[in-house]
Protein chains: 2
Amino acid sequence: MSREPQTRGRAATLEDVARVAGVSRATVSRVVNGVRNVDPGIQSAVREAITATGYTPNHAARSLVTRKAGTVALVVSGAGDEGEDTDPGFAARVFADPFFGRAVSGIIGYLRPHSLHPVLLFAETEAARAEAIAYLRQGSADGALVVTTHPADPLPARIADTGVPAVLFARPALPVPLSYVDLAHRDGAALAAAHLLARGRRTIATITGPLDVLAGQERFTGFREAMARHGHAWVPFAEGGFTLASGETAMRRLLDEHPGLDGVFAANDLMAQGACQVLRERGRRVPADVSVVGFDDSTAAVTANPPLTTIRQPVEEMAAEMARLLHTHIESGAAEPVAVVFDPELVIRASS
Amino acid sequence: MSREPQTRGRAATLEDVARVAGVSRATVSRVVNGVRNVDPGIQSAVREAITATGYTPNHAARSLVTRKAGTVALVVSGAGDEGEDTDPGFAARVFADPFFGRAVSGIIGYLRPHSLHPVLLFAETEAARAEAIAYLRQGSADGALVVTTHPADPLPARIADTGVPAVLFARPALPVPLSYVDLAHRDGAALAAAHLLARGRRTIATITGPLDVLAGQERFTGFREAMARHGHAWVPFAEGGFTLASGETAMRRLLDEHPGLDGVFAANDLMAQGACQVLRERGRRVPADVSVVGFDDSTAAVTANPPLTTIRQPVEEMAAEMARLLHTHIESGAAEPVAVVFDPELVIRASS
DNA sequence: GTGAAAGCGCTAACAC
DNA sequence: GTGTTAGCGCTTTCAC
């Protein structure tokens with residue numbers, strides 16, 4: 001079953017295959033790399049020799065001459081604490097976010113067919129950031145896909161400095177000469193506003209994301225502006241932190257101040273879920289008494305009770321596009337930074 | 001701020017540094033690799049030349065001669081469907097499991113200080129498995145850390161065949177000559193039984209995990225045996241699937257058949273959480289009327305309502321141990337496969 | 001269409 | 001303590 005030729009001793013090299021096939025190394029290389037101009041007869045002879053020897057190309061050797069690592073760094077950049085110790089829970093927290101799984105899913109989807117492999121790089125401390133930069137400069141990866149949680153993350157700028165191709169998820173707070181993929185957050189929020197209004201809601205509040213994060217700001221601004229366009233100059237709001245608990249707290253405050261509200265737009269699904277819980281706790285039926293709209297269309301939107309009407313952020317496609325952009329930049333050498341902005345979409349479920 | 005010497009043209013090589021410092025390549029190499037026997041004066045001259053040139057060692061070149069990739073494959077092996085298409089949701093589902101985040105956290109914790117980098121490898125289809133094997137045989141990774149969800153996964157055996165060092169999470173269903181890290185599931189279940197009994201519970205049921213998964217079997221067996229030792233020869237049970245929904249379903253069945261039950265052991269926290277919901281729905285107070293014990297001590301245990309008494313599985317430490325074992329195997333060349341089994345621990349919270 | 005030969009950037013004997 | 005010299009395994013002109 002598991003015959004493993006050439007298992008003893010060192011692994012087979014191009015040289016070994018060439019000797020067995022009775023040709024030169026160059027020819028074997030051509031066959032392996034699918035270069036045309038090789039006689040069909042010789043071609044099959046070489047193939048036989050390859051299976052006979054159990055040959056597998058040595059990646060390092062190939063990399064050395066092609067100057068391609070076949071690898072892409074998946075950099076998850078964190079809060080940016082200057083703390084000495086690495087944050088042990090960082091990875092766990094990142095992975096706990098449904099967003100990350102979807103992003104990885106999309107990234108893998110593109111990378112795999114192109115024989116690129118993602119190397120996980122967490123950069124949550126200064127030391128880790130320095131290490132990540134060193135890693136990139138070593139040429140260990142052909143490029144970097146960067147996901148940041150922190151608004152004022154210094155890493156993107158430093159990556160740009162290395163000259164290694166890189167693509168960011170979301171527009172950086174400070175301009176950086178790197179390509180990025182983003183969502184039209186304002187349009188998404190406007191979609192939510194229009195929907196709530198179309199449902200006949202009149203007293204509509206919003207639970208914002210953290211207002212020092214761009215996405216938080218944009219969703220808030222977009223919502224307010226859309227409401228204003230429909231004649232609602234003032235929108236009651238409470239700031240949340242994109243977590244379930246913060247959604248609950250915000251909802252309580254909103255309800256205390258505006259007991260008569262009949263519509264809520266939460267800047268993400270987790271907070272919308274928290275809002276629903278509090279609403280029910282306070283005797284409001286969702287959606288009979290109050291309509292709730294979330295944002296992201298994460299797994300939370302589907303598992304919530306009731307399932308959430310939400311603004312879909314196509315994370316998988318956005319992540320795949322990141323990978324595609326990066327690949328393009330790697331292939332083309334230079335290339336100007338570009339921004340690809342995706343359109344959100346209203347997904348109607350039971351909460352509105 | 002961001003001076004980047006030698007940015008134009010090719011990156012600096014050892015040769016360049018040697019020329020600038022007026023020494024030989026070998027000496028620079030010695031300094032870079034911290035080999036003693038280098039004159040302090042020359043040492044600092046070399047260091048200066050290094051910063052002057054902006055030198056960074058080329059990873060591929062180093063790899064080629066040291067035969068070390070500085071990389072470890074993090075293989076997540078899936079259901080093993082023979083389906084043609086790759087499963088788009090696989091990565092997302094894996095990441096959604098709190099277990100995975102904790103495992104990665106522990107792995108990174110060990111790998112990082114040892115300058116090893118994890119490459120993500122999903123192997124959920126036959127094609128992906130073949131690719132993963134090829135990747136390992138190329139020498140792109142020095143070893144593999146394998147996490148399998150599927151009981152009859154063919155991948156571990158094939159990895160063993162490659163001769164590349166590898167360590168598994170959990171004992172494989174079929175014996176494979178690879179090291180693994182596991183938990184004493186039976187002891188954990190026994191801990192749960194003893195605790196429930198100590199709480200004065202008399203009619204105790206269990207929601208098992210999937211019984212075709214080793215962990216599911218072991219937790220069930222351990223629980224039954226412990227209960228038997230305490231005079232409870234028969235334990236009502238319902239099989240679940242380690243998901244929240246399956247916990248709910250199982251709890252309903254159990255309650256229908258044994259309305260008087262006053263204790264439940266669920267084989268994981270998610271199912272325990274589902275059980276609590278159903279219990280409350282049916283008018284039982286937790287823990288006043290029914291004590292509930294989960295397993296894993298995942299994030300679900302803490303966020304559940306009420307917070308769950310559970311059996312802690314030290315995933316981070318287990319994962320770190322995997323990495324440590326792998327590192328040892330890589331360094332020592334051969335080495336016999338070993339098994340490291342961790343002890344579970346009772347964590348008491350509000351549900352019992 | 002195929003082979004010979006040069007070299008990618010680095011480490012590691014081995015001399016001195 | 002430092003320099004010289006071989007390669008590591010591969011791709012890629014350049015002749016033929």
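Numbers restart at 1 for each chain; the letters A, B, ... are given by sequence-line order, proteins then strands. As a basis for the values below, the full set of heavy atoms in this structure was taken, side chains included, without hydrogen atoms, waters or symmetry mates.
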Q) Given the rule that a pair is Watson-Crick or G-U wobble with both distances under 3.5 Å, how would you write DNA chain C in dot-bracket, using | for pairs to a different strand? A) ||||||||||||||||
Q) Any side-chain heavy-atom pair from B/V119 and A/T71 closer than 4.5 angstrom? A) no
Q: Kindly assign one of parallel, tilted or perpendicular to the pair B/H327 and B/Y110, based on the angle between their ring planes and the thresholds 30° and 60°.
A: perpendicular
Q) Quick one: which of C/dG9, C/dG3, D/dT4 gets closest to the side chain of A/T27? A) C/dG3
Q. For the side chain of A/V65, counting heavy atoms from C-beta on, which of C/dG1, C/dC10, D/dC10 is nearest?
A. D/dC10
Q) With respect to the phosphate group of C/dT11, does any side-chain polar atom (N or O) of B/T66 fall under 4.0 Å of OP1 or OP2? A) no
**Q.** Nearest-angstrom distance from the residue atom CG of B/N33 to P of C/dG9
**A.** 17 Å
Q.
Can you see if the side chain of B/S24 gets near the phosphate of D/dG3 - specifically, an N or O under 4.0 Å from OP1 or OP2?
A. yes
**Q.** Length of the NZ-C1' vector between B/K68 and C/dA12, whole Å
**A.** 15 Å
Q. OH of A/Y55 versus C1' of D/dG9: gap in Å, rounded?
A. 7 Å
Q) So what does A/R30 hit on the nucleic acid, given a heavy-atom distance under 4.0 Å: a base, only sugar-phosphate, or nothing? A) base
Q: Test B/D161 against B/R158 for salt bridge (Lys or Arg N to Asp or Glu O under 4.0 Å), laying out the working first.
A: CA-CA 5 Å; B/D161 275 354; B/R158 287 167 65 182; over 6 Å; no
Q | Length of the CG-P vector between A/N58 and C/dC10, whole Å | A | 17 Å
Q) Atom CZ of A/R137 and atom C1' of C/dG9: how far apart are they, to the nearest Å? A) 16 Å
Q) B/L64 or B/D39: which one's nearest nucleotide on DNA chain D is closer to the 5' end? A) B/D39
Q | OP1 or OP2 of D/dC10 under 4.0 Å from side-chain N/O of A/S29 | A | no
Q | Length of the line joining A/R67:CZ and C/dC10:C1', which is rounded to integer Å | A | 12 Å
Q: Keeping the roles fixed (side chain from A/D142, backbone from A/G70), state whether a donor-acceptor pair exists under 3.5 Å.
A: yes
(Q) Measure CD/A/E15 against P/C/dG3 and give the value in whole Å, please. (A) 12 Å
Q) What class does the angle between the rings of A/F90 and A/F122 fall in, given that below 30° is parallel, 30 to 60° is tilted and above 60° is perpendicular? A) perpendicular
Q) Contact class for B/R25 vs. all strands (heavy atom < 4.0 Å): base, sugar-phosphate, or nothing? A) base
(Q) Whether B/N37 contacts D/dT2 is assessed here as follows: a side-chain N or O lying under 4.0 Å from the phosphate OP1 or OP2. Is that the case? (A) no
(Q) Is it the case that the side chains of A/D153 and A/S77 hold a donor-acceptor pair, with the cut-off being a distance below 3.5 Å and no angle test? (A) yes
Q. Between D/dT11 atom C1' and A/R62 atom CZ, what is the distance in whole Å?
A. 9 Å
(Q) Check this for me: A/E48, atom CD, are more than 12 non-hydrogen atoms of other residues, nucleotides or ligands nearer than 6.0 Å? (A) no
